[in-house]
Amino acid sequence: MRTQVAIVGAGPAGLMLAHLLRLGGIDSVVLERRSRDYVERRVRAGVLEHPTVELLREAGVADRLDREGMPHHGISLRFDGADHRIALSDLTGRSITVYGQQEVVKDLIAARVAAGEPLLFEVSDVMLDPATPLVTFTDAGGTRQELECDFIAGCDGSHGVCAPHVKATVHAHDYPFAWLGVLAQAPPSHSELIYTHHERGFALHSMRTPEITRLYLQVAPDERIDDWSDDRIWDELGRRLAADGFTLATGPILEKGITTMRSVVTEPMRQDHLFLAGDAAHIVPPTGAKGMNLAIADVWVLAEALGAYLREGRSDLLDAYDETCLRRVWRAEHFSWWMTSMLHQAPGADDFQRKLQLAQLRYVASSEAAATSLAENYVGLPLRR
Ligand code: FAD
Ligand code: DHB
């Protein structure tokens with residue numbers, strides 16, 4: 001088999017790259033180790049930045065997003081039992097859209113299948129040689145295959161096989177907490193997202209549809225999901241989200257899981273003909289809602305760069321790939337770290353640290369300049385810079 005770009009991983013990064021390359025007349029083959037059903041059901045992110053939505057629209061894959069996505073013009077910071085609204089649209093002229101990551105994945109898979117372009121699920125033992133370049137794998141039928149290509153895109157997430165091929169410096173930071181996330185059959189209790197600072201730990205109220213809420217609780221990194229009954233989850237959410245005039249709507253919990261929190265940046269993001277994108281190259285803690293958006297931003301840069309090379313023989317954009325992406329990545333790392341530090345209770349934190357967090361929260365809630373800075377980062381910095 002031969003293609004121009006071999007893409008490992010059918011998450012948002014791999015699927016969007018394949019789509020953008022196709023629009024630019026470039027062939028690719030996408031290899032995914034999971035089944036289509038599995039990737040379409042995997043519950044993860046929910047916040048699309050303004051530039052992500054614009055790009056999905058420009059790429060012609062936003063029809064359902066425009067019908068079913070929920071545009072949000074503000075978010076709440078809740079502390080001392082009261083809400084402090086950050087008016088995203090008034091402050092920046094832009095908004096975010098709440099639309100589940102797996103819905104983006106479904107839309108991109110549907111576009112790929114409709115175009116009749118290769119997307120292979122349930123492949124195993126993917127191996128690569130970034131120098132040749134060559135990818136080998138076992139297909140769903142058990143046959144070993146060779147895929148010759150001009151470039152390999154490593155879009156296989158934080159536990160993939162591509163990143164270890166890059167001779168890189170890995171900058172990493174572990175946070176002393178994790179998020180317990182639940183999807184519940186309950187209507188949102190508030191029209192906007194609520195990021196809550198509470199002495200018992202951070203809590204987040206988000207949503208997917210008018211009938212489904214997405215909620216998160218800060219827990220210890222070694223917490224076991226089996227120790228969290230549905231009653232215990234609702235009780236803890238009720239305590240942390242308590243505020244005057246607020247009633248938490250409850251209902252059956254459809255899905256629950258624990259995610260640890262890390263910051264990771266791989267520099268450089270390439271090795272010979274292999275280019276990393278998305279979580280394969282960097283991870284942010286989820287508090288800034290940046291992970292999927294960074295993945296989409298990377299592949300926008302990569303698609304333009306691969307296009308310039310494969311269509312016109314120009315290598316300047318490929319040479320600049322790292323620098324272009326890493327500027328945005330480090331900005332998002334800082335924002336995500338800052339939001340995380342301001343909102344979570346670190347184990348062993350003393351009164352001094354809590355006073356500092358509250359001073360920062362009060363400043364963001366009362367200063368237009370500080371609120372604008374948060375809002376500008378949250379809605380997403382423009383892609384074309
Ligand atoms: P992935 O989505 O991880 O996709 C990688 C794909 O590669 C997977 O399908 C995997 O099965 C496949 N793969 C792995 N290894 C192989 C292999 N060897 N061979 C073939 N295929 C392979 N981000 C936001 O922007 N906003 C949010 O609100 C947000 N909230 C989050 C909440 C939670 C609880 C979590 C866990 C994450 C959140 N994120 C958020 C982060 C976001 O989900 C990730 O950043 C995003 O999934 C990255 O996309 P990706 O395509 O790079 O990687
Ligand atoms: C969601 C996830 C996040 O990480 C975040 O910061 C906001 C919302 C969500 O899943 O809806």
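Every number for a ligand or one of its atoms is a count from 1 in the order of the listing. Residue numbers start at 1 and run along the sequence shown.
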Student: Classify the contact between Cys155 and ligand 1 as side chain, backbone, both or neither, using a heavy-atom distance cut-off of under 4.0 Å.
Tutor: backbone
Student: Will you find, in the side chains of His282 and Glu333, an N or O donor that is under 3.5 Å from an N or O acceptor?
Tutor: no
Student: Pick out which of Thr132, Leu147, Leu128 makes a side-chain contact (heavy atoms from CB on, under 4.5 Å) with Ile152.
Tutor: Leu128
Student: Does Tyr378, backbone or side chain, put an N or O under 3.5 Å from an N or O of ligand 2?
Tutor: no
Student: Fit a plane to each ring of His190 and His205, take the angle between them on a 0 to 90° scale, and name the class: parallel (under 30°), tilted (30 to 60°) or perpendicular (over 60°).
Tutor: perpendicular
Student: Relative to ligand 2, is Trp179 under 4.0 angstrom through side chain, backbone, both or neither, heavy atoms considered?
Tutor: side chain
Student: Have a look at ligand 2 and work out which part of Ala289, if any, has a heavy atom under 4.0 Å from it: side chain, backbone, both or neither.
Tutor: both
Student: Over 60° means perpendicular and under 30° means parallel, so tell me whether Phe79 and His84 are parallel, tilted or perpendicular.
Tutor: parallel
Student: Can you find an N or O of Val39 that's nearer than 3.5 Å to an N or O of ligand 1?
Tutor: no
Student: Could you see which bit of Arg34 sits under 4.0 Å from ligand 1, with heavy atoms only: side chain, backbone, both or neither?
Tutor: side chain
Student: Where's the contact between Val126 and ligand 1, heavy-atom distance under 4.0 Å: side chain, backbone, both or neither?
Tutor: side chain
Student: I want to confirm something. Looking only at heavy atoms, which of Gly154, Ala13, Ala45 is nearest to atom 29 (C) of ligand 1?
Tutor: Ala45
Student: Mind checking whether Lys290 contacts ligand 1 via backbone (N, CA, C, O), side chain (CB onward), both or neither, at a 4.0 Å heavy-atom cut-off?
Tutor: backbone
Student: For atom 8 (C) of ligand 1, which of the options Arg42, Arg33, Met16 provides the nearest non-hydrogen atom?
Tutor: Arg42
Student: Is the shortest side-chain heavy-atom distance between Tyr38 and Glu122 below 4.5 Å?
Tutor: no
Student: What atoms of ligand 1 come within less than 4.0 Å of a heavy atom belonging to Gly11?
Tutor: 2 (O), 4 (O), 6 (C), 9 (O), 51 (O)
Student: So which heavy atom in the protein is nearest atom 5 (C) of ligand 2, and how far is it from that ligand atom?
Tutor: Tyr195 OH, 3.3 Å
Student: Where's the contact between Thr287 and ligand 2, heavy-atom distance under 4.0 Å: side chain, backbone, both or neither?
Tutor: backbone
Student: Any atom of ligand 1 sitting under 4.0 Å from a heavy atom of Tyr216?
Tutor: yes
Student: Going by the order shown, which atoms of ligand 1 are within less than 4.0 Å of some heavy atom of Asn293?
Tutor: 25 (O)
Student: Please determine whether any non-hydrogen atom of Gly181 lies less than 4.0 Å from an atom of ligand 1.
Tutor: no
Student: Less than 4.0 Å is my threshold; does some heavy atom of Glu49 fall inside it relative to ligand 1?
Tutor: no
Student: With a cut-off of 4.0 Å, which atoms of ligand 1 are near a heavy atom of Arg44?
Tutor: 1 (P), 2 (O), 3 (O), 43 (O), 47 (O)
Student: Are side-chain N/O atoms of Ser341 and Tyr175 paired as donor and acceptor at under 3.5 Å?
Tutor: no
Student: Only heavy atoms of Gly278, strictly under 4.0 Å: list the atoms of ligand 1 that pass.
Tutor: 52 (O)
Student: Within ligand 1, which atoms have a heavy atom of Val161 less than 4.0 Å away?
Tutor: 18 (N)
Student: Considering only heavy atoms, does Trp179 approach ligand 1 within less than 4.0 Å through its side chain, its backbone, both, or neither?
Tutor: neither
Student: Where's the contact between Arg44 and ligand 2, heavy-atom distance under 4.0 Å: side chain, backbone, both or neither?
Tutor: backbone
Student: Quick one: closest heavy-atom pair of Gly288 and Ser336, and the distance?
Tutor: CA-OG, 4.2 Å
Student: Using a heavy-atom cut-off of under 4.0 Å, does the side chain or the backbone of Leu31 touch ligand 1, or both, or neither?
Tutor: backbone
Student: Which of these passes side-chain contact (heavy atoms from CB on, under 4.5 Å) with Val104: Thr52, Ile109, Leu65, Leu48?
Tutor: Leu48
Student: Could you tell me whether Asp279 approaches ligand 1 through its side chain, its backbone, both or neither, with non-hydrogen atoms closer than 4.0 Å?
Tutor: both
Student: Which atoms of ligand 1 have any heavy atom of Val47 under 4.0 Å away?
Tutor: 26 (N), 28 (O)
